[in-house]
K.L.:
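Please see the structure below; I have some questions.
Source: prediction; values computed, not measured.
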Amino acid sequence: MPGFEFFGALERAEVQDVLDSGVLMRYGFDGMRQGHWKAKELEEALAKRMQTSFAHTVSSGTAALTVAMASAGIGAGDEVILPTFTFVASFEAVLSLGAIPVLVDIDDTLTLAADAVEKAISKRTKAVMTVHMCGSMADLKALKAICNKHELILIEDACQAIGGSYEGKPLGSYGDIGCFSFDFVKTITCGEGGGIITNNKDFYTHADHYSDHGHDHLGKDRGAEKHPFLGYNYRISELHAAVGLAQVKRLDDFLAIQKRHYHILEASLKKLEGITLRRVPDGGVQNYSFLNFFLPTETLARKAQKELVGAGVDACFYWFDNNWHYHTKWDHLKELHSLGPVSQEIKKRVLKEATQNFTASDHWMGRTVSCLIKLSWSEEEVTHRATTLHRVLDTILKEA
């Protein structure tokens with residue numbers, strides 16, 4: 001990622017269609033819009049590419065997670081299991097519904113550890129949210145088996161992994177409902193936007209209504225539409241959808257570029273003794289948006305990240321100290337800093353979760369360095385990056 005590197009004529013043409021029609025809202029104004037329904041077209045393209053019966057677009061990846069959970073009936077007091085390594089939106093979405101985020105350990109996939117999930121299940125557990133961080137997935141077969149056993153909903157947060165697959169199924173389509181982010185730094189972008197995919201008709205219908213104030217979208221008179229249940233505003237605009245429609249058509253081209261760049265960098269690491277790559281489960285194909293690898297120790301990982309950046313290898317991350325993505329920096333969650341009062345039940349249960357021991361996660365994240373894969377690199381730039389990556393890490397390992 002990200003898709004914003006390759007805006008071009010296709011994106012401009014789709015946006016111009018919307019501007020020419022003068023209708024920027026996805027619903028209503030049928031006569032004015034001259035047959036242009038960009039959000040609907042994007043949803044059709046997304047469902048086709050992801051091999052699902054239904055797709056629905058919303059205003060962000062956070063909105064996608066929120067709407068997906070609400071559509072599946074998750075609400076006040078329900079527990080949702082999610083990993084210690086994710087983006088803050090995961091637990092924000094859970095809390096926004098009055099549900100309880102239950103953090104559990106990751107393993108060498110850098111995603112949910114199936115055995116940790118099983119141990120965390122309680123009578124209040126309603127769903128497991130597996131987050132495909134940095135372009136790859138957990139052991140989805142094991143997670144699906146656990147969810148089936150305990151009658152839980154499996155939610156796939158594929159916001160960072162669009163285009164990857166597991167057992168031949170596109171990521172997001174393996175579980176009960178899948179979510180994507182189309183923000184400015186994702187593999188494909190709307191600027192701001194998100195998507196939900198599912199094969200469950202009820203979940204889709206609920207998402208369609210809930211994301212637009214509960215409108216049932218029956219008939220052609222928006223003012224006469226009924227509201228079968230409460231909803232909120234998570235709509236995507238036609239302008240954002242237009243950009244996404246162009247980008248989803250280019251997804252496979254973007255993935256091919258990412259894969260090519262990834263393998264050049266990967267080859268430079270495979271020659272180094274002491275470096276191991278993040279595990280991609282059998283049957284899984286990542287989307288190659290990040291190169292993730294482990295150093296022998298936390299100290300060496302910190303040193304490697306610092307020296308790689310110093311050597312000009314930009315966009316190399318040490319997630320262990322990252323404010324947005326790892327549990328060690330989520331004081332606002334663990335201490336429940338909120339603009340308004342929080343219910344005593346949520347406060348008691350979330351604060352209990354904050355005291356959990358996540359040394360198993362720390363074991364992996366403390367030794368992880370992640371390097372972003374860019375689309376716009378020239379062949380010369382990728383080769384130079386690979387050479388620098390090898391040189392810096394080789395020196396660090398030999399000096400250890």
Side-chain angles (χ1 to χ4, degrees), residues 3 7 10-50 52-73 93 96-97 172 177-184 186 188-249:
F7 283 152
L10 191 55
E11 287 82 2
R12 286 191 290 271
E14 296 289 358
V15 169
Q16 192 62 52
D17 272 351
V18 177
L19 295 176
D20 289 344
S21 76
V23 180
L24 277 60
M25 183 179 178
R26 75 158 294 172
Y27 297 111
F29 303 95
D30 297 30
M32 289 178 57
R33 65 174 66 242
Q34 304 170 40
H36 294 146
W37 299 88
K38 298 302 181 183
K40 292 182 180 180
E41 290 182 55
L42 174 55
E43 288 160 358
E44 291 170 0
L46 188 61
K48 182 178 180 180
R49 175 60 178 79
M50 298 301 152
T52 55
S53 300
F54 309 103
H56 184 66
T57 49
V58 289
S59 55
S60 68
T62 310
L65 292 169
T66 305
V67 172
M69 285 187 287
S71 300
S96 73
L97 295 169
I177 193 164
C179 301
F180 299 107
S181 170
F182 301 133
D183 74 21
F184 205 48
K186 294 301 186 290
I188 59 174
T189 183
C190 292
E192 289 285 0
I196 300 162
I197 58 173
T198 186
N199 289 309
N200 185 307
K201 186 175 182 180
D202 288 339
F203 289 178
Y204 165 72
T205 302
H206 294 164
D208 172 77
H209 298 1
Y210 183 81
S211 61
D212 184 32
H213 299 294
H215 278 265
D216 64 10
H217 299 138
L218 297 178
K220 294 186 177 181
D221 182 354
R222 182 167 172 80
E225 291 173 359
K226 296 181 180 179
H227 301 81
F229 48 76
L230 292 170
Y232 300 90
N233 181 5
Y234 294 107
R235 295 187 302 260
I236 194 172
S237 78
E238 286 288 275
L239 280 175
H240 289 99
V243 176
L245 178 59
Q247 291 256 304
V248 77
K249 294 174 181 177

K.L.:
Where do Gly244 and Cys190 come nearest, in terms of heavy atoms and distance?
P.N.:
CA-SG, 3.5 Å

K.L.:
Output yes when a side-chain donor or acceptor of His36 lies under 3.5 Å from a complementary backbone atom of Val18, and no otherwise.
P.N.:
no

K.L.:
Does any non-hydrogen side-chain atom of Phe7 lie less than 4.5 Å from one of Arg12?
P.N.:
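Not touching, per the 4.5 Å side-chain cut-off.
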
K.L.:
Examine the side chains of Asn199 and Thr52 and answer whether a donor and an acceptor come within less than 3.5 Å of each other.
P.N.:
no

K.L.:
Whether the side chain of Glu225 engages the backbone of His215 through a donor-acceptor N/O pair (distance < 3.5 Å, no angle test) should be reported.
P.N.:
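Judged by distance alone, no pair lies under 3.5 Å.
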
K.L.:
Should the ring pair Tyr204 and Phe54 be called parallel, tilted or perpendicular, given that the plane angle runs from 0 to 90° and is split at 30 and 60?
P.N.:
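Because their plane-to-plane angle is under 30°, the rings of Tyr204 and Phe54 count as parallel.
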
K.L.:
Has the side chain of Ser71 got a donor or acceptor atom that lies under 3.5 Å from a matching backbone atom of Ala207?
P.N.:
yes

K.L.:
Looking only at non-hydrogen atoms, find the nearest pair between Leu46 and Gly195 and report the distance.
P.N.:
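So the minimum-distance heavy-atom pair works out to CD2-CA, 4.3 Å.
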
K.L.:
To the nearest 0.5 Å, what is the distance between NE2 on His240 and CG on Asp183?
P.N.:
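Nearest 0.5 Å value for the NE2-CG distance: 10.5 Å.
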
K.L.:
Centres of the Tyr232 and His213 rings: under 6.0 Å?
P.N.:
no

K.L.:
Evaluate the side-chain proximity of His56 to Ser211: yes if any heavy-atom separation is below 4.5 Å, no if none is.
P.N.:
yes

K.L.:
Within the distance-only criterion (no hydrogens, no angle test), does the side chain of Arg235 pair as donor or acceptor with the backbone N or O of Tyr27 below 3.5 angstrom?
P.N.:
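No, because the side chain of Arg235 does not come within donor-acceptor range (under 3.5 Å) of the backbone of Tyr27.
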
K.L.:
Among Glu14, Glu43, Glu44, find the residue that satisfies the salt bridge (Lys or Arg N to Asp or Glu O under 4.0 Å) test when tested with Lys38.
P.N.:
Glu14

K.L.:
Checking side-chain polar atoms at under 3.5 Å, does His227 have a donor or acceptor matched by the opposite partner on Asp216?
P.N.:
no

K.L.:
Under the side chain to side chain contact (heavy atoms under 4.5 Å, CB included) rule, what do Cys179 and Val67 come out as? Steps first, then yes or no, please.
P.N.:
CA-CA 9 Å; Cys179 301; Val67 172; over 6 Å; no

K.L.:
About how many Å separate OG of Ser60 and CD of Glu192, when rounded to the nearest 0.5 Å?
P.N.:
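Spacing of CD (Glu192) from OG (Ser60) equals 7.0 Å.
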
K.L.:
When the ring planes of Tyr234 and Tyr210 are compared, do they come out parallel, tilted or perpendicular, using 30° and 60° as the limits?
P.N.:
parallel

K.L.:
Any carboxylate oxygen within less than 4.0 angstrom of a Lys/Arg side-chain nitrogen, looking at Asp212 and Arg222?
P.N.:
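Between Arg222 and Asp212 there is a salt bridge, with a charged N closer than 4.0 Å to a carboxylate O.
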
K.L.:
Before giving the answer on ring-ring contact (aromatic ring centres under 6.0 Å, His included), spell out for Phe229 and His206 the whole-Å C-alpha distance, their side-chain angles and the decisive distance to 0.1 Å.
P.N.:
CA-CA 9 Å; Phe229 48 76; His206 294 164; 5.8 Å; yes

K.L.:
So how far is it from Arg33 CZ to Asp17 CG, rounded to the nearest 0.5 Å?
P.N.:
12.0 Å

K.L.:
A side-chain contact here means heavy atoms from C-beta on lying under 4.5 Å apart; do Thr57 and Ile236 qualify?
P.N.:
yes

K.L.:
Heavy atoms, side chains only, cut-off 4.5 Å: are Ile197 and Ile177 in contact?
P.N.:
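The answer is no; the side chains never approach within 4.5 Å.
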
K.L.:
Enter the distance from Ser21:OG to Trp37:CH2 here, rounded to the nearest 0.5 Å.
P.N.:
10.0 Å

K.L.:
Closest approach of Leu245 and Val248, non-hydrogen atoms and distance?
P.N.:
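Heavy atoms of Leu245 and Val248 come nearest at O-CG1, 3.3 Å.
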
K.L.:
Please check this pair: side chain of Thr189 against backbone of Phe182, looking for a donor-acceptor N/O pair closer than 3.5 Å.
P.N.:
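Yes; judged by distance alone, with no hydrogens or angles, the pair exists.
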
K.L.:
Tell me the closest heavy-atom pair linking Met32 and Val23, and the distance in Å.
P.N.:
CB-CG2, 3.6 Å

